[in-house]
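Numbers restart at 1 for each chain; the letters A, B, ... are given by sequence-line order, proteins then strands.
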Protein chains: 2
Amino acid sequence: MVVYENPLDDSFKKPLVAVDMVIFTIKDDALKVILVKRAIPPFKGKWAIPGGFVKINESLEEAAKRELMEEAGVDEVYLEQLYTFGEPKRDPRGRVISVSYFALVNSSGINLKASTDATEAEFFSAYNLPELAFDHEKILKYALQRLKWKMEYTTVAFSLLPEKFTLTELQNAYEIVFHKKFDERNFRKKILALGMIKDTGELRGGLSHRPAKLYAFKKKIGEIFEIL
Amino acid sequence: MVVYENPLDDSFKKPLVAVDMVIFTIKDDALKVILVKRAIPPFKGKWAIPGGFVKINESLEEAAKRELMEEAGVDEVYLEQLYTFGEPKRDPRGRVISVSYFALVNSSGINLKASTDATEAEFFSAYNLPELAFDHEKILKYALQRLKWKMEYTTVAFSLLPEKFTLTELQNAYEIVFHKKFDERNFRKKILALGMIKDTGELRGGLSHRPAKLYAFKKKIGEIFEIL
DNA sequence: ACAAAAGTGTTGAGAGTACACCCATGC
DNA sequence: GCATGGGTGTACTCTCAACACTTTTGT
């Protein structure tokens, strides 16, 4: 019934596969996403999330890490596959399947670079985005939903912070992502009860108020929860 | 720095994209998965999860639904994208990226068919699988984990049952998936408290014991929870 | 009347939420 | 000594888990 096609010779029509990266960070007390301005058509001049084609000999995750390095100059991040978007018409040039990833980065390590096919790279507030190329708005909304979920049920928040941080800084990260305030006492109680951070014994002083204890995450990023 | 390649002409090396389907159902009081025996190399004669290449003009979800129809003859199912596996060496023939889906089906609607590249299709207990081709064991483990998660936090279980069902049948479905017993009273209380099912007024009688009330799900499959 | 599954309520423990004051430092 | 953010405890509510007996039908 189905005509047998040999899909592995190159006469067979294949889609292209790209990785697209939603890179979140906290900067200036807001949740930011990195966007690039497209230097080439289609959507030339429009903002898009950074991405690129997967090379024939690299894994998807390698491609994602390569893009992350090319666009943001970072390698120590939380990285997770988000979803694969494959509508035939999502790219006007032809069939491109996009495997999207989302990354959480501590903003102090970021070094924005415009890559080959972009004129600029910039941070945008995740809650106040410009018009985006392709179906990238959909990807971003999806990523934001997933971020909130992950923050609520896992410990990914630590990836947004430096190695040592105060409980107030941690709480700020949560409040920024969720766009709401939490009760200090309950927040601290809960975080401490989770047993995932330890007191380093150090203090952050030099400010004109009581110095805050510095905490550190007990395990390396990614080892904690493997909820998928 | 990066040489500009035009990825959209066909001289560029592209991976192939396949969809692979983990199809779960409950049959004979066990959680089953549909596997097919491969008729062609590589892994000829080995069991694999059903799947096929994505056609150039169909979306990923369309490809998944097409495979589901070809292999199991069903169309009313819960269907969800699982993960995209893209290790360069996962298929010995060349680069094949697999977008995996998982499906939940009521076994009474299934009509197994061996497709073009398989000699047989069969149900296997999800907790007692044969050796599998490619990286399909990894895909299946991942799917099982996701299934449990979804059953715990959403209402996908209803997709495993007929339209009308008794509370005992629903509880059986949960016990089969989780491989453990639940307390009847607490289970019923919780399900009823969720407010997602309604009493149809009908009874399942004809058995030599007290007849059970038949319930139905209030909403159509897929409309309930959009947790991702 | 008996076998077989359906159906039903209460209690205790733990988690989450709400809420207000003292503490340590720099200036 | 005052301004600034850091740090702490208790009471109430609600959810979850444990637990055993009565009801309805067919034979």
For the residue pair A/Y127 and A/H179, categorise the inter-ring angle as parallel (less than 30°), tilted (30 to 60°) or perpendicular (more than 60°).
-> parallel
Which whole-number value in Å describes the distance from [X] [atom1] to [N] [atom2]?
| X | N | atom1 | atom2 | result |
| --- | --- | --- | --- | --- |
| A/E184 | C/dC23 | CD | C1' | 13 Å |
| A/L192 | D/dG9 | CG | P | 11 Å |
| A/Y153 | C/dA15 | OH | P | 16 Å |
| B/K181 | C/dA5 | NZ | C1' | 13 Å |
| B/R185 | C/dG9 | CZ | C1' | 9 Å |
| A/F187 | D/dG7 | CZ | C1' | 14 Å |
| B/K213 | D/dT24 | NZ | C1' | 12 Å |
| B/R188 | D/dA18 | CZ | P | 18 Å |

Would you be so kind as to tabulate the donor-acceptor pairs closer than 3.5 Å made by side chains of residues 17-29 of chain A, with sequence neighbours excluded?
from  : atom 1 : to     : atom 2 : distance (Å)
A/D20 : OD2    : A/S98  : OG     : 2.7
A/T25 : OG1    : A/V105 : O      : 2.6
A/T25 : OG1    : A/S107 : N      : 3.0

Between the axis at one end of the helix from C/dA1-D/dT27 to C/dC27-D/dG1 and the axis at the other (five pairs apiece), what's the angle to 10 degrees?
-> 10°
Any residue meeting side-chain contact (heavy atoms from CB on, under 4.5 Å) with [X], in chain and number order, not counting sequence neighbours:
| X | answer |
| --- | --- |
| B/R66 | B/K55, B/E58, B/A63, B/E70 |
| B/K89 | none |
| B/E122 | B/W47, B/E120, B/F124 |
| B/A48 | B/R38, B/A133, B/H136 |

Using a heavy-atom distance cut-off of less than 4.0 Å, which residues of residues 164-180 of chain A contact DNA chain D?
-> A/T168
List the atom of B/A30, the atom of B/I176, and the distance in Å for their closest heavy-atom pair.
-> C-CG2, 3.5 Å
Heavy-atom check, side chain of A/V54 versus side chain of A/V99, under 4.5 Å = no
What distance separates B/E76 CD from B/L68 CG, expressed to the nearest 0.5 Å?
-> 11.5 Å
Separation between CG of B/L132 and CD1 of B/I49, rounded to the nearest 0.5 Å | 8.0 Å
Any residue meeting ring-ring contact (aromatic ring centres under 6.0 Å, His included) with B/H209, in chain and number order, not counting sequence neighbours = none
A/Y174 meets the ring-ring contact (aromatic ring centres under 6.0 Å, His included) criterion, sequence neighbours left out, with A/F187
Within the sub-3.5 Å range, which N or O atoms of nucleotides 14-16 of chain D have a protein N or O partner, and how far apart are they?
none

Enumerate all atom pairs, one protein N or O and one N or O from nucleotides 2-4 of chain D, separated by less than 3.5 Å.
none

When B/N186 and A/G205 are each assigned the nearest nucleotide of DNA chain C, the 5'-most assignment goes to B/N186
What about the rings of A/F158 and A/F165, do their centers lie closer together than 6.0 Å?
-> yes
5′-ward residue of the pair B/L207/B/D183 relative to DNA chain D = B/D183
Which nucleotide in the set C/dA24, D/dG7, C/dT8 lies at the smallest distance from any side-chain heavy atom of A/A212?
-> D/dG7
Atom pairs and distances, side-chain donor-acceptor, residues 192-207 of chain B, under 3.5 Å, sequence neighbours left out:
from   : atom 1 : to     : atom 2 : distance (Å)
B/D199 : OD1    : B/G201 : N      : 2.8
B/T200 : OG1    : B/E202 : N      : 3.2
B/T200 : OG1    : B/L214 : O      : 2.7
B/E202 : OE1    : B/K164 : NZ     : 3.4
B/E202 : OE2    : B/K164 : NZ     : 2.6
B/R204 : NH1    : B/E169 : OE1    : 3.2
B/R204 : NH1    : B/E169 : OE2    : 2.1

